[in-house]
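Worksheet for the structure shown next.
The residues of the chain are indexed from 1 along the displayed sequence. All figures in this text were calculated on a predicted structure; none of them were measured in a lab.
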Amino acid sequence: MKVKYLIRLLILLMFLSGFCFVGGSAYLQRSLPRRPIESSGNIIPRNIHGAWVYGTEREWLIYDALFYGLFAFGLPAGFLKQREQRLGRE
């Protein structure tokens, strides 16, 4: 019974991370400069949906954390769900 709740929690966290990632990437694409600005620290390039934007190291760390959060929550949820189905406890 506890495994079902854990699976649901992981799937919920995966979708929450996905929505934050999609919203965050759209926000960063609109708000970050298209050219490097050394005075503000926006010097690290990143391609977001075909547009090159320049951000700070902190902005890209948050962006990457949201992206890898999809896998951190999604893969264990998938493996646990598959295990439960195989054992016939669904």
Side-chain angles (χ1 to χ4, degrees):
M1 196 62 140
K2 291 180 183 180
V3 176
K4 284 186 182 182
Y5 292 121
L6 179 63
I7 291 170
R8 290 178 185 156
L9 177 67
L10 288 173
I11 290 173
L12 178 69
L13 289 173
M14 179 189 68
F15 281 114
L16 182 64
S17 178
F19 287 130
C20 290
F21 174 72
V22 169
S25 65
Y27 170 75
L28 289 175
Q29 184 182 7
R30 287 190 315 265
S31 65
L32 290 177
R34 304 292 174 148
R35 294 187 191 101
I37 302 173
E38 291 185 23
S39 61
S40 65
N42 292 333
I43 56 172
I44 302 173
R46 181 71 62 100
N47 185 353
I48 298 180
H49 303 291
W52 284 96
V53 294
Y54 293 85
T56 63
E57 185 175 349
R58 183 174 183 269
E59 290 167 336
W60 295 133
L61 285 174
I62 293 170
Y63 183 80
D64 289 339
L66 289 173
F67 178 72
Y68 291 117
L70 291 168
F71 296 107
F73 299 125
L75 285 177
F79 289 138
L80 287 172
K81 182 73 172 164
Q82 185 180 22
R83 180 179 169 264
E84 289 294 306
Q85 285 178 346
R86 216 175 329 132
L87 296 174
R89 288 191 237 164
E90 186 172 346

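- Listed by first and then second residue, the salt bridge (charged side-chain N to carboxylate O under 4.0 Å, His left out) pairs that reach into residues 7-17 come to none, sequence neighbours excluded.
- Linking Ile, Leu, Val, Met, Phe, Trp and Tyr whenever their side-chain heavy atoms come within less than 4.5 Å puts Phe15 and Leu6 in one cluster.
- With sequence neighbours left out, Pro36 forms a side chain to side chain contact (heavy atoms under 4.5 Å, CB included) with Tyr54.
- For Pro76, the side chain to side chain contact (heavy atoms under 4.5 Å, CB included) partners are Leu10, not counting sequence neighbours.
- The cluster map of Ile, Leu, Val, Met, Phe, Trp and Tyr, joined by side-chain heavy atoms under 4.5 Å apart, puts Leu9 and Phe73 in the same cluster.
- Every side chain to side chain contact (heavy atoms under 4.5 Å, CB included) that Phe79 has, sequence neighbours left out, goes to Leu75, Gln82.
- Residue Phe71 holds its CZ atom at 10.0 Å from OG of Ser17, rounded to the nearest 0.5 Å.
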Acceptor/donor pairs from residues 59-67 side chains to any protein atom, 3.5 angstrom cut, sequence neighbours excluded:
{"residue": "Glu59", "atom": "OE1", "partner": "Thr56", "partner atom": "N", "Å": "2.8"}
{"residue": "Glu59", "atom": "OE1", "partner": "Thr56", "partner atom": "OG1", "Å": "3.4"}
{"residue": "Trp60", "atom": "NE1", "partner": "Ile44", "partner atom": "O", "Å": "3.0"}
{"residue": "Asp64", "atom": "OD1", "partner": "Arg46", "partner atom": "NH1", "Å": "3.0"}
{"residue": "Asp64", "atom": "OD2", "partner": "Arg46", "partner atom": "NH2", "Å": "3.4"}

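- Every residue two or more places apart in sequence or in another chain that forms a side chain to side chain contact (heavy atoms under 4.5 Å, CB included) with Ile7 is listed here: Val3, Ile11, Leu80, Lys81, Glu84.
- Linking Ile, Leu, Val, Met, Phe, Trp and Tyr whenever their side-chain heavy atoms come within less than 4.5 Å leaves Tyr27 and Ile37 in two separate clusters.
- Transitive grouping of hydrophobic side chains (ILVMFWY, heavy atoms separated by less than 4.5 Å) keeps Phe21 and Leu16 in distinct clusters.
- Considering every non-hydrogen atom in both Met14 and Gly74, the closest pair reads SD-CA, 3.3 Å.
- In terms of heavy atoms, Val22 sits closest to Ser25 at O-OG, 3.0 Å.
- Within the structure, no pair that satisfies the salt bridge (charged side-chain N to carboxylate O under 4.0 Å, His left out) test touches residues 17-40, not counting sequence neighbours.
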